[in-house]
*Asks:* 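My questions will all concern the structure given below.
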Protein chains: 2
Amino acid sequence: MLSTMSSPARSVDSVTDTPHRLLEAAAEAFADRGFHATTTRDIASRAGLSPAGVYVHFASKEELLYQLSREGHEVARDMLLAAAAGASTPTEALRAIMGRFATWHAEHFRVARIVQYEFANLTSEHRDAVLTLRKQIDAVVRDVVTAGVASGEFTVDDVPDTTLALMSMAVDVARWYDPEIKRTPEAIGAAYAELGLRLVRAS
Amino acid sequence: MLSTMSSPARSVDSVTDTPHRLLEAAAEAFADRGFHATTTRDIASRAGLSPAGVYVHFASKEELLYQLSREGHEVARDMLLAAAAGASTPTEALRAIMGRFATWHAEHFRVARIVQYEFANLTSEHRDAVLTLRKQIDAVVRDVVTAGVASGEFTVDDVPDTTLALMSMAVDVARWYDPEIKRTPEAIGAAYAELGLRLVRAS
DNA sequence: GTCTATATAGCGATAGAC
DNA sequence: GTCTATCGCTATATAGAC
């Protein structure tokens, strides 16, 4: 697994694991230059292999993209589910999921960009698989908004609209985030948690 | 000029104007498949020309991208300036600019995607020129937020953060918008104007 | 200003030695 | 499982006829 989570768990030899190195090389290249602008030679040389070395471990360039996209989506989904499950009120849940989601999009902005912007470059089978994960992610946020409306904590004009706007704010962090900036991913998460709550509060 | 504005003005012979046809062909291709995945043969054949025909009118594929990106940014900036200038209070101004911005990102989602996602594929000179336009766009929104805080109509934790979040919501419309959906760009704009106001209101 | 033909380069992926 | 060498193809861009 790529280090798309902040949890410490990882086997020590992951640095010398060639498929893992290839995935990391591909993640950097795809995020920086885009899928089509990245060459398999780029990926191979970043991972310290010859051009042919890639194909021992992955059937195609798209297969690398798919594994990155799928795992990125799964990690994001599981993170949101855990954040929502650990909260005792919709307000707390929204604060937790928005904070974690925005933080993740900053901390793992390379994988997040692949998740958000390279979707169209998957094969149709792989697009379908990822689409299922996207719907699950969407459902976590929507369910929290719905629960808040039901409990009376939130007042919104339209649940799907508000859900989408919440996601837009957090997702867009991956577009503008630059590791050079001073703000920490955690500070960004805290700010977005508060902005998210503003979107669902009565006026 | 490409039809990136909803204003009716346009010369009748724009359909037969070859550079214009090439720009429209490039806009469609870049938005659907991305800059690097688009071939100059794609663009030429969509415009009804041979592969070589492109180079009579544009020096390179990147030149087509630059003209689309620059004009898209200019139109967006001018639209926001006009919307802000026509409002008599910060509340009205924010409603106007968020509504217009979100509507534009739906109505012209192809050019908007080029504006938002193909920035990195410009040459460094062209990137610099576009960056200037981006700062102007940002300033329009930031000035409205600042004015609202000064007048007491808005209460925000942080002006740059809030400005960015407002832009994120509207910009992201270009990512998810699909002309197949039933909602009109105007309805989307109206919803986003209200969501924008929520972000700046006191709690 | 458009075409056909092509130069030049780089692509993704494979063959076969080690 | 890694390499060198290369296949077959497509890319951007140009040359020169009309």
Side-chain angles (χ1 to χ4, degrees), chain A residues 11-69 114 118-127, chain B residues 11-69 114 118-127:
Chain A
S11 78
V12 181
D13 66 351
S14 70
V15 182
T16 56
D17 180 35
T18 304
H20 176 81
R21 281 209 328 277
L22 279 165
L23 283 169
E24 288 211 316
E28 256 192 62
F30 292 161
D32 287 358
R33 314 147 75 94
F35 178 74
H36 272 104
T38 297
T39 69
T40 54
R41 284 166 170 80
D42 259 1
I43 297 168
S45 75
R46 279 182 203 246
L49 290 178
S50 71
V54 174
Y55 295 91
V56 175
H57 305 281
F58 296 92
S60 67
K61 189 171 80 158
E62 191 273 344
E63 189 66 36
L64 278 159
L65 175 64
Y66 174 54
Q67 294 212 18
L68 288 168
S69 182
I114 291 164
E118 303 297 349
F119 179 71
N121 294 316
L122 295 166
T123 63
S124 61
E125 288 81 7
H126 290 164
R127 255 203 310 275
Chain B
S11 77
V12 182
D13 64 352
S14 70
V15 182
T16 55
D17 180 36
T18 304
H20 177 79
R21 281 209 327 276
L22 280 165
L23 282 169
E24 289 211 316
E28 255 192 62
F30 292 161
D32 286 358
R33 315 147 76 95
F35 178 74
H36 273 104
T38 298
T39 68
T40 52
R41 283 169 164 78
D42 259 2
I43 297 168
S45 75
R46 279 181 203 245
L49 289 179
S50 72
V54 174
Y55 295 92
V56 175
H57 305 280
F58 296 92
S60 68
K61 189 171 79 158
E62 191 273 344
E63 189 66 35
L64 278 159
L65 176 65
Y66 174 53
Q67 293 213 19
L68 288 167
S69 182
I114 292 165
E118 303 297 349
F119 179 70
N121 294 316
L122 294 167
T123 63
S124 61
E125 288 81 6
H126 290 165
R127 254 203 309 276

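Per chain, numbering begins at 1; letters A, B, ... match sequence-line order.
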*Asks:* For residues 28-38 of chain A, please give each side-chain donor-acceptor pair under 3.5 Å, one per line with the distance, not counting sequence neighbours.
*Replies:*
residue, atom, partner, partner atom, Å
A/Glu28, OE1, A/Arg46, NH1, 2.9
A/Asp32, OD1, A/Arg110, NH1, 2.9
A/Arg33, NE, A/Asp42, OD2, 3.2
A/Thr38, OG1, A/Ala29, O, 3.2
A/Thr38, OG1, A/Gly34, O, 2.7

*Asks:* Mark yes or no for whether A/Arg21, through its side chain, and A/Ala47, through its backbone, hold a donor-acceptor pair below 3.5 Å.
*Replies:*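 Looks like yes, one N/O pair under 3.5 Å.
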*Asks:* Tell me, please, which residues at least two apart from B/Tyr55 pass side-chain contact (heavy atoms from CB on, under 4.5 Å).
*Replies:*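 For B/Tyr55 the side-chain contact (heavy atoms from CB on, under 4.5 Å) partners, ignoring immediate neighbours, are B/Thr40.
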*Asks:* Of all the nucleotides listed (C/dC3, C/dG1, D/dC3), which has the minimum atom distance to the side chain of B/His57?
*Replies:*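 Nearest to the side chain of B/His57 among the choices is C/dG1.
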*Asks:* Tell me, do B/Val56 and B/Thr18 make a side-chain contact under 4.5 Å, heavy atoms counted?
*Replies:*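 Result no, sub-4.5 Å side-chain heavy-atom pair not found.
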*Asks:* Any N/O pairs under 3.5 Å between the protein and nucleotides 13-18 of chain C? List them or say none.
*Replies:*
residue, atom, partner, partner atom, Å
C/dA13, OP2, A/Tyr55, OH, 2.9
C/dA13, OP2, A/Lys61, N, 3.1

*Asks:* Give the rounded distance in Å between these two atoms: CG of B/Leu49 and C1' of D/dA13.
*Replies:*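 Value for this atom pair: 15 Å.
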*Asks:* Is the phosphate of C/dC11, meaning OP1 or OP2, less than 4.0 Å from a side-chain N or O of B/His36?
*Replies:*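 Answer is no, no contact under 4.0 Å.
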*Asks:* Would you say A/Thr18 places a side-chain N or O within less than 4.0 Å of OP1 or OP2 belonging to D/dT2?
*Replies:*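 A/Thr18 to D/dT2 OP1/OP2: side-chain N or O found under 4.0 Å.
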*Asks:* Among A/His126, A/Glu118, A/Gln67, find the residue that satisfies the side chain to side chain contact (heavy atoms under 4.5 Å, CB included) test when tested with A/Glu62.
*Replies:*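 By the side chain to side chain contact (heavy atoms under 4.5 Å, CB included) criterion, A/Glu62 pairs with just one of A/His126, A/Glu118, A/Gln67: A/His126.
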*Asks:* When you measure from the side chain of B/Arg127 to the backbone of B/Ala120, do you find a donor-acceptor pair of N or O atoms at a distance under 3.5 Å?
*Replies:*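 At least one qualifying donor-acceptor pair exists.
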*Asks:* What's the CD1-C1' distance between B/Ile43 and D/dT10, to the nearest Å?
*Replies:*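 Atom-to-atom, B/Ile43 to D/dT10, this comes out as 15 Å.
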*Asks:* Without decimals, in angstroms, what is the distance between B/Arg33 CZ and D/dT10 P?
*Replies:*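 That distance rounds to 14 Å.
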*Asks:* Considering every strand and a 4.0 Å limit on heavy-atom distances, what is the contact class for B/Thr39: base, sugar-phosphate, or nothing?
*Replies:*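 The residue B/Thr39 makes sugar-phosphate contact but no base contact.
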*Asks:* In whole angstroms, how far is the P atom of C/dG12 from the CG atom of A/Leu22?
*Replies:*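 Rounded to the whole Å, the gap is 14 Å.
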